[in-house]
Amino acid sequence: MAKTGPIIVLDPGKERTKGNDALFMNINAAKAVAGLVQSTFGPKGMDKMLIDKMGHVSMTNDGAIILKDIGIEHPTAKMIVEVARSMESTAGDGTTGSVIFSAALLDKAEKLVKKGIHPSAIVKGYRIAEAKALELLDRSVIDVSKENRADILKKVAMTSITGKAPDVHKELLAELCVKAAEIVEEDGFVDVRTKIIRVVELQRRVEESEVIEGIALNTGVLSHAPKRIENPKIALLDTEIIANKTKTGAIMVVSSPEERQKIIDNERNDLTAIAKIIVDAGATAVFSTKVVRGPVLEYFEKHNVFVSRPMEEKDIENVSYATGAKIVRNPKEFTESDLGGADLLERDTKNGGGKTFIRGGHNSTVATLVVRGETLQHADSVDTALDDALWVIKSVIEDGKIVAGGGASEMAVALGLSACAPKAGGYDQRVIAAYADALEELPKTLIRNGGLDVIDLSLALRAEQTKNKNAGVDVFAGKVTDMLESGIVDPYRVKANTIKAATEAAIMILRIDDMLRATITRDIPDAPPSHMAASYNGMAPPTMNERR
Ligand SMILES: Nc1ncnc2c1ncn2[C@@H]1O[C@H](COP(=O)(O)OP(=O)(O)OP(=O)(O)O)[C@@H](O)[C@H]1O
Ligand SMILES: [Mg+2]
């Protein structure tokens, strides 16, 4: 038989890590991500200072924001960041806790692998533990009734805000969020993303923050605009045509002064005709992204039409959503069907008069939360806290379920799992017990970040839990108390999603036993992709964006 040389199956340009080396490397990456946010967990968590490329500084302890802004490179670490992102999009809160839990699951798994348990056995055990954990969590659920709903919504919002916004404003901000959610609630559903608009106003006090039913626009209006229009017919314009066509400095070639006058008159007539189309369609208020001036403005003023100063696109989109008005780019084709409607349009005559309110939009009920703060950082941190609060309120309105906070639900589930683990026997028993230990990391981190004694308080919490499922750690009081009585409650959705998202990510990472990484582009970070020539007519190729 002819001899053959070694068979090369793999691309030699790929770097390969396999077996436990790959697993442990991935686990370390996951733990490193958790390490980034661990100290921020809980109401006494620390803040991170984030400085962007433009030098803007922001302070936050919100897990999702930190992980998004920090620019994670490692592929496995990115999978953990995905856990935070999925929590943010499904529950709007609980991002830090889920990352910590996922890394804790992997940390416990690493120990089991080192003791000779195969990752597949851990994956199987974690699946059993996850199902059991969700079952146990259901037993800790407290149903929200019609009578106690308002009170619970406020408490759940206050719990999520604690540590994120100044304590003195906690109650007021929670009340504002509940009010905003109740305004837009429809068939038991709250659309936080599109129906609650948040506007940040600086150099004002936080306690001046307010909720408006409808839209509050920061945009000023032209002085002649009417102050109040009932049942306004709203036109939205995003076009240059409404400004004077002839730009300053433009060169006009004419043979006589009469000809010049004729051109100017024609242009005036064209613009007036456009304004007439809009007014004839029935518009009584015009909001525009570009400045309205010249003959168009004169025509609108003559017909008592409200005209806004130039507005941001985002604001125009909000008005469109609330009133049903279409954003028109070619006003020559404006028709009545492009108009939107509302109950009332009003100009703010107080506080410097810089606001316009559109109440009772005919397309959709929206609410505006005007967040006020002394400085940008201040208003920004309040705004981030309100985002979490609105989401927890949404979850509780939609699900009608809460659980006790301060580590109560996690400890109840962990103890339940530890109790049922021996029945599973074999490897499953050890894996389920490891899952329970990982879950206990959450109350322990809360206690540690509160500057309290982890051993003493977690023992006290375990002991109290045998009598009361709602026992948790109040990190401000520094002791174990009934969380319902202390008003520290979390949405069921946040806790259930934490279990699901964190287990899923941990399992995904545990199943990887081989990593093949292309190394060539790493050595030449600025190399153009292979489809691109090395030079163009002797010139260097266009610069590449930094590769991620
Ligand atoms: N006074 C308190 N004492 C103890 N625990 C509290 C108290 N107030 C809130 N908590 C707990 O803090 C935890 C939430 O902390 P935090 O908001 O920092 O993390 P997260 O919600 O997981 O992440 P993020 O808010 O960054 O998305 C919840 O488990 C909640 O029950
Ligand atoms: Mg939170």
Side-chain angles (χ1 to χ4, degrees), residues 62-64 83-98 130 133-162 164 170 173-198 211 213 318 321-322 361 363-369 383-405 408-410 412-413 470 483-484 487-504:
D62 192 280
V83 177
R85 208 173 294 159
S86 108
M87 286 300 292
E88 186 71 1
S89 62
T90 58
D93 193 20
T95 58
T96 312
S98 59
E130 179 193 17
L134 290 169
E135 205 181 297
L136 288 161
L137 184 69
D138 279 348
R139 290 190 212 157
S140 294
V141 159
I142 301 148
D143 288 317
V144 179
S145 68
K146 247 190 188 157
E147 293 70 42
N148 66 10
R149 194 182 95 150
D151 181 49
I152 284 186
L153 290 180
K154 188 169 146 188
K155 283 181 176 153
V156 99
M158 282 171 71
T159 305
S160 79
I161 289 175
T162 312
K164 290 202 160 81
K170 213 164 70 173
L173 295 173
E175 280 168 0
L176 292 178
C177 290
V178 174
K179 193 172 158 197
E182 283 177 340
I183 290 173
V184 303
E185 180 183 351
E186 214 180 324
D187 302 328
F189 181 77
V190 178
D191 184 349
V192 170
R193 267 200 201 104
T194 51
K195 293 198 164 193
I196 301 180
I197 300 159
R198 294 205 306 275
V211 172
E213 183 169 353
N318 286 337
Y321 180 69
N363 187 50
S364 179
T365 309
V366 296
T368 307
L369 241 170
D383 187 52
T384 314
L386 293 192
D387 189 57
D388 285 19
L390 289 169
W391 271 89
V392 293
I393 292 168
K394 167 189 168 74
S395 300
V396 176
I397 289 180
E398 289 173 4
D399 302 343
K401 294 177 191 178
I402 54 158
V403 292
S409 68
E410 290 91 347
V413 174
N470 297 330
M483 293 286 104
L484 283 194
I488 302 169
V489 284
D490 290 316
Y492 163 80
R493 189 184 294 185
V494 169
K495 299 298 166 184
N497 287 11
T498 297
I499 291 175
K500 290 182 210 161
T503 312
E504 204 51 58

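Taking every heavy atom of both residues into account, Ser409 and Leu137 meet most closely at CB-CD1, 4.0 Å. Nearest heavy atoms, Ile161 versus Ala174: CD1-N, 4.0 Å. Shown here for Val396 and Pro491, the closest heavy-atom pair between the two residues is CG2-CB, 3.8 Å. The two atoms that bring Gly405 and Asp490 nearest to each other are CA-OD2, 3.3 Å, heavy atoms only. Residue Met87 comes nearest to Ala501 through the heavy atom pair SD-CB, 4.3 Å, listed as atom of the first residue, atom of the second, then distance. Residues Val392 and Ser160 share a closest heavy-atom pair of CG2-OG, 3.6 Å.
Taking the salt bridge (Lys or Arg N to Asp or Glu O under 4.0 Å) definition, one finds that Lys195 meets it with Glu186, sequence neighbours left out. Contacts of Lys500 classified as side-chain hydrogen bond (donor to acceptor under 3.5 Å, both in side chains), with partners at least two apart in sequence or in another chain: none. Qualifying side-chain hydrogen bond (donor to acceptor under 3.5 Å, both in side chains) partners for Thr96, counting only residues two or more places apart in sequence or in other chains: none. Every residue two or more places apart in sequence or in another chain that forms a side chain to side chain contact (heavy atoms under 4.5 Å, CB included) with Thr162 is listed here: Pro43, Asp167, Lys170, Phe476. Not counting sequence neighbours, the partners of Asp138 by the side-chain hydrogen bond (donor to acceptor under 3.5 Å, both in side chains) test are Tyr492. Under the rule for a side chain to side chain contact (heavy atoms under 4.5 Å, CB included), the partners of Asp143 that lie at least two apart in sequence or sit in another chain are Val141, Lys401. Listed by chain and number, the residues in a side chain to side chain contact (heavy atoms under 4.5 Å, CB included) with Asn470 are Ile142, Ala404, Asn468, Asp482, Leu484 (sequence neighbours excluded). Residues that satisfy the side-chain hydrogen bond (donor to acceptor under 3.5 Å, both in side chains) test with Arg85, not counting sequence neighbours, are Glu82. Contacts of Glu147 classified as salt bridge (Lys or Arg N to Asp or Glu O under 4.0 Å), with partners at least two apart in sequence or in another chain: none. Remark: Glu504 engages Arg127 in a side chain to side chain contact (heavy atoms under 4.5 Å, CB included) (not counting sequence neighbours). For Glu135, the salt bridge (Lys or Arg N to Asp or Glu O under 4.0 Å) test picks out Lys132, Arg139, with sequence neighbours left out. Partners of Asp93 according to the salt bridge (Lys or Arg N to Asp or Glu O under 4.0 Å) rule, which considers only residues two or more places apart in sequence or in another chain, do not exist here.
Classification of Glu213 and Lys179 as a salt-bridged pair fails, no side-chain N sitting under 4.0 Å from a carboxylate O.
Here the side chain of Lys155 pairs no donor or acceptor atom with the backbone of Gly487 at under 3.5 angstrom. Of the possible polar contacts, one joining the Thr159 side chain to the Val489 backbone as a donor-acceptor pair under 3.5 Å is found. Using modelled atom types, no side-chain atom of Asp151 and backbone atom of Asn148 make a donor-acceptor pair closer than 3.5 Å. Side-chain N or O atoms of Asn363 include one that pairs as donor or acceptor with a backbone N or O of Tyr321 at under 3.5 Å.
The structure places CD of Glu130 at 8.0 Å from CD1 of Ile499, a figure rounded to the nearest 0.5 Å. To the nearest 0.5 Å, atom CD1 of residue Ile397 and atom CG of residue Leu153 are 5.0 Å apart. Taking CZ from Arg193 and OG from Ser89, the interatomic distance works out to 6.5 Å, rounded to the nearest 0.5 Å.
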**Request:** For side-chain contact (heavy atoms from CB on, under 4.5 Å), just list the numbers for Ile183 and Thr365, CA-CA rounded to whole Å, side-chain angles, deciding distance to a tenth of an Å, and then say yes or no.
**Result:** CA-CA 7 Å; Ile183 290 173; Thr365 309; 3.9 Å; yes

**Prompt:** Going through the checks in order, is the side chain to side chain donor-acceptor pair (under 3.5 Å) test met by Thr384 and Asp62?
**Reply:** CA-CA 8 Å; Thr384 314; Asp62 192 280; over 6 Å; no

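Leu173 is listed as a side-chain neighbour of Leu386, based on a closest heavy-atom distance under 4.5 Å. Proximity of Ser98 to Asn497: side-chain heavy atoms (C-beta onward) are nowhere separated by under 4.5 Å. Counting heavy atoms from C-beta on, the side chains of Val190 and Ile393 never come closer than 4.5 Å. Residues Asp387 and Glu88 meet the side-chain proximity criterion, which asks for heavy atoms closer than 4.5 Å. Using a 4.5 Å heavy-atom cutoff, the side chains of Lys495 and Val413 are not in contact.
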